[in-house]
Amino acid sequence: MPDNPVLRLKMVATREGVKGRGKSEDDIYPEFRARQRALFDTFAELLSDRSERVRWFSGRTLFWVKMADSSLATSWTPKDLLSRDLGIAFAAPWHGGYAVEVPLSCRTALLQRIKNPGSIAQRVDISRIAAVVPLQEAVAAEDLTPTWRAAAADERGRRQFVAYLAPFVNPEARGEVVDRLGTSGLALLISSAPQASLLTSESAEGAIDFPAVAGGTIIAVGDARASLLARAKASMQKGNYPRLVAAVAEKAELVQLVGSGTIVRWDPIAPLVGIPPGDGPEPEPDPDNPLPPTVPTVGEVDGGITARRYGPDVAWRAPAFLPRPALDHNHANCVAGVLREAEDWNNHLDITSYPVRLGDVPVVPRNDFVGSWDMAGLIAYLDRTIAANRDTKVWNISANMPAGCDRMRVSEFGHQMSRLARKHSVLFVISSGNRPGEAEERIAPPADAEAAITVSGRLHNGDGRVGEPCHISRVGLGPEEMLKPELSWFSSQRLLGGRQGIASSFAAPLVSRIAAHTWANLKQPTPDLVKALLINAADQQDFHYRTGYGSPISPVRPWLSGDNAVIFCWQQSIVEKRNYYWSGIQLPPSLTRGGKFKGRVKLVAILAPVTHALGTNYASTRIEATVQYRTNSNKWERLVGSMSLETPEGVARTEDAKWQPIRVYSQHFPRGKTFGQNELRLRARLFWRDRYLYPGGTEAWPVTATFVVMLESFDADHRVYDEFVAAMGTQVEAAVIEPVIETDVEG
C-alpha cells in the first residue's frame, strides 16, 4: 500500500450562535392533574414532622425526584418548581432523575406552589415528575448482594469499599453527615501512600480526598479516626465530595449505613487479577540484541517482568507496588511476549510486526493473594510512575477486578484511571476482563475508564484472520450504555514457553503495540487522536457489544492510507451554544463520477468530556457531529452523523449513543447519492447537562473535540488521495512525521 500519510485539516471553523427555547404550554403532559395531586400528597407526608421515612441533616434531607422516561433531557430539569428561592438545591443526577436537597423550612411554600403553580414552567415540571422518594430508600432498594460479593476480604475477614457520602450542598448538612458517620461502627481505613496531586486536583466533584499517612500498609484508623473524620468534614464544607475507604465485617453493617442516609454508594475494592496463561518452560534467552531506543515503549502494568528473554528490551522498571513474592510474574511475562513479539509466537495468525520496548510496572498480584488492596495507594503509585516516565505514552493493563462494572455508574477505579490519563496525556489500553462462567458479563473495572481503549477478544478463522467474538471475554456495554469495548483482537494465542492461552489479556497488548507506533508516527499526537485513528481503522461497519468496532487492521497502519482513500483529522476546543462549521471540504472527482457520490464516508468524533462521580449521568457534556452535503436546492443535509436535535431523548440515547464521548458513523453509497455541489462540511456542537454541578458556569468552558474523517472509493485504482490534496491545497498538511532517509555521500 502506498505510504499516503493522514492529513491534518488546517481550516478555521466558522461559528454561529444558537438560542434555546423555554418551557411552553405545549410541554405540559396530560397527566398534570394526577401528578399534581400525587406530588402534593407525597411532599405533605414526607415533610411532616411525624414522618419516619425521612433522614434529616441540619434541617435538610435528600429526595430522589424521578422524571418521566421521556423527560430525561437536560431542558426538562424541574428547576422552576424546585427552585433556589425556596432553599432547594439539586445535588446530583440520579437514575432517571435527580437527588434534590430540600429544607424542612420550605414545606408550606412548596406545597402552596404545587397546589397553585405560578407559571407555565412550574406546571410543566409538575407534569413530568413521576415520583418522589427519600434518597436513602432508593439506595436501600438496590440489591447490595452483588456489591458485597464483589469486594475482596482482607486477612481479617473484612471487605473493603469506597464509600460515597450523601451529596448535600448545604455545608452544615455536610458536616452532620460526617459527624454521624463518626458515631457509627464503620471501620475507616488510611491509605499508606502519600496523597498525590491527582487526588486533590480541581474537578466537578472536588478531591477524592483519600486521607493518607506515610509508611506502612493499610491500617485500621484507631487513634487517627478523629483526624480522618475532621479532614473529611473540612473537605465537604469546602464544597468537595470526599470518598472514604471503609472496611465492613458484616453485610448487615452495610445495610444499616445505607439506611442511615449517610452513605449513598459503595464501590467494592478487590485486587486486579490476570487470567493464568498455563504452565510451560521458559525458552532460553535470545542473544543480547535489544531493540534500539528509537522504538516506542509501552508501559506494562502487570505482575512484573522477570523473563530473561525480554530483559534486554525493558526500557525502565518501576519499584514494585507489592512485595515481589506476591506478584504474578508468569502473567506479566506472557503479556510481555505478546507486546514484544506476538507475530513470532503466532506466525499462523495475521499479525503485523510492531516491536516495542517495555516499561515494567509490577502491580498485579497472584491469584492466591490475600491481603488489603490499597486502591488510593495504587492510584498515587501510578501517578508517580507515569510522571517519572513521561516519554512512555501508551500503557497496557491486561488485568481487571474480578466482578463486572455497575450498569449505571463508572467505578471509582475507572474514574481515577481516566483522570490519570487526562492529567498526563497518556493512553491506557485495558483488557475487557474474562467471564467466570457461561453468562455474558459486563466489562470489569478499570475497563470502564472513559478515556481508555477497552479491548475484548476475537477468535481467528482458518486463514488466521480475525473471526467470531471470543467466548471467554467480558462484553459491553459499559455503565450508562457506554460504548465499550471499543476494539477487539486475537485472544487465543501461543504464548511464552509454547503454551496456549485464551483471554482478553492477550488481545489488549496487540492494540497497545499499534497505538504506540501510531503515536510515534504523528507530528502532534494526543491520546484521543490515536484512539480515533485506531477506531477509524477498525474492520467492522457498526458497533457490536461484544467486539466494539472491530480490529484496527484496515488500514493496517492507521496513520497511512491507500491511493483510493484519504484520511484527515483535526482537533478543536468548542464551547456550548455555538454551531461550528468546517466548510469547503472538496470531494475528489473519483468519488463523484456521473454526478453522484459513490464511495464510503466514515466519521469518528471523540470528546474529552467533563465528568463527575456524584451519581449517574457520568458525562456532563456531549458532542453532536455531522458530515453534511449541499442539495440541489442549496440546503445542507446530513450525509453521516448525529441524529437531529429534535430526536426524542430515549431514541437518541439508545440508537445514537447520544451522551457517549465517542461518536462513530460509517456509511456506504454503492448506488450513488446526488449532491448539489462537490463539497462537504462538518458541523459540530457542544451540549451540557446537570449544570447545577458547576457553580462557576459552563457557557465559556472549552471542551476539546477530536475529528477523523475518511473518504474512500470502492475502486482500488482511483486516485482519491492525490485528488483531495490537489483540491484542498494549503488547507491540509501531513499529520505524520516524514521518515529520515539516510544516503551515502561519496567524498
Side-chain angles (χ1 to χ4, degrees), residues 1-14 532-533 535-542 554-555 558-570 572 579-605 624-644 663-684 707-736:
M1 181 186 75
D3 293 339
N4 295 321
V6 166
L7 301 172
R8 184 177 300 278
L9 194 67
K10 298 172 63 179
M11 287 181 173
V12 177
T14 58
L533 288 172
I535 291 174
N536 178 72
D539 65 323
Q540 293 177 184
Q541 173 80 356
D542 300 307
S554 181
W559 60 92
L560 302 174
S561 74
D563 287 339
N564 68 321
V566 62
I567 303 169
F568 53 99
C569 64
W570 71 101
Q572 175 80 46
N579 276 324
Y580 290 77
Y581 297 104
W582 290 266
S583 303
I585 299 173
Q586 301 300 309
L587 278 171
S590 294
L591 294 174
T592 56
R593 294 182 179 181
K596 291 185 176 183
F597 173 81
K598 292 184 178 181
R600 178 190 181 202
V601 182
K602 188 170 186 178
L603 165 65
V604 181
E624 193 176 89
T626 310
V627 176
Q628 300 176 320
Y629 70 97
R630 200 193 296 269
T631 66
N632 285 323
S633 57
N634 208 34
K635 294 182 178 180
W636 288 99
E637 298 287 350
R638 181 181 70 159
L639 184 63
V640 295
S642 303
M643 290 180 171
S644 68
R663 317 302 298 279
V664 181
Y665 305 96
S666 181
Q667 188 72 42
H668 292 78
F669 297 95
R671 297 184 178 180
K673 189 173 185 67
T674 302
F675 288 1
Q677 296 183 23
N678 290 341
E679 68 170 299
L680 303 173
R681 77 174 184 183
L682 187 130
R683 170 188 168 275
F707 304 95
V708 170
V709 176
M710 180 169 66
L711 305 174
E712 184 178 27
S713 171
F714 300 128
D715 190 334
D717 294 328
H718 283 173
R719 311 288 293 180
V720 171
Y721 186 91
D722 291 341
E723 292 171 354
F724 184 81
V725 171
M728 296 297 291
T730 59
Q731 292 180 310
V732 295
E733 64 180 4
V736 174

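This one's a predicted model, so the numbers in the text were calculated from it and none came from an experiment.
A donor-acceptor contact shorter than 3.5 Å is absent between the side chain of K635 and the backbone of R630. In this structure, Q541 contributes its side chain and S666 its backbone to a donor-acceptor pair below 3.5 Å.
Of the residues R638, K673, Q677, the one that meets the side-chain contact (heavy atoms from CB on, under 4.5 Å) test with Y629 is K673.
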(request) Apply the test side-chain contact (heavy atoms from CB on, under 4.5 Å) to residues V709 and L682: give CA-CA distance (whole Å), side-chain angles for both, the deciding distance (0.1 Å), then the verdict. (result) CA-CA 9 Å; V709 176; L682 187 130; 4.3 Å; yes
(request) Start with the C-alpha distance between D563 and N4, add both sets of side-chain angles, then the distance that settles side chain to side chain donor-acceptor pair (under 3.5 Å), and finish with yes or no. (result) CA-CA 7 Å; D563 287 339; N4 295 321; 2.9 Å; yes
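Minimum interatomic distance between I535 and K602 (heavy atoms only, all atoms of both residues): O-NZ, 3.2 Å. When all heavy atoms of G672 and K598 are compared, the pair lying nearest together is CA-CG, 3.6 Å.
Residues V708 and I567 are in side-chain contact: their nearest non-hydrogen atoms beyond the backbone lie under 4.5 Å apart. Between M728 and L9, the closest side-chain pair of non-hydrogen atoms falls below 4.5 Å.
There is no side-chain donor-acceptor pair under 3.5 Å between Q628 and R683. Using modelled atom types and a 3.5 Å distance limit, the side chains of E637 and T631 yield no donor-acceptor pair.
In this structure, OH on Y580 lies 10.0 Å from CZ on F707, to the nearest 0.5 angstrom. Rounded to the nearest 0.5 Å, atoms CZ (F669) and CG (L591) are 11.5 Å apart.
Counting heavy atoms of neighbouring residues, nucleotides and ligands inside a 6.0 Å radius, atom NZ of K10 exceeds 12 of them.
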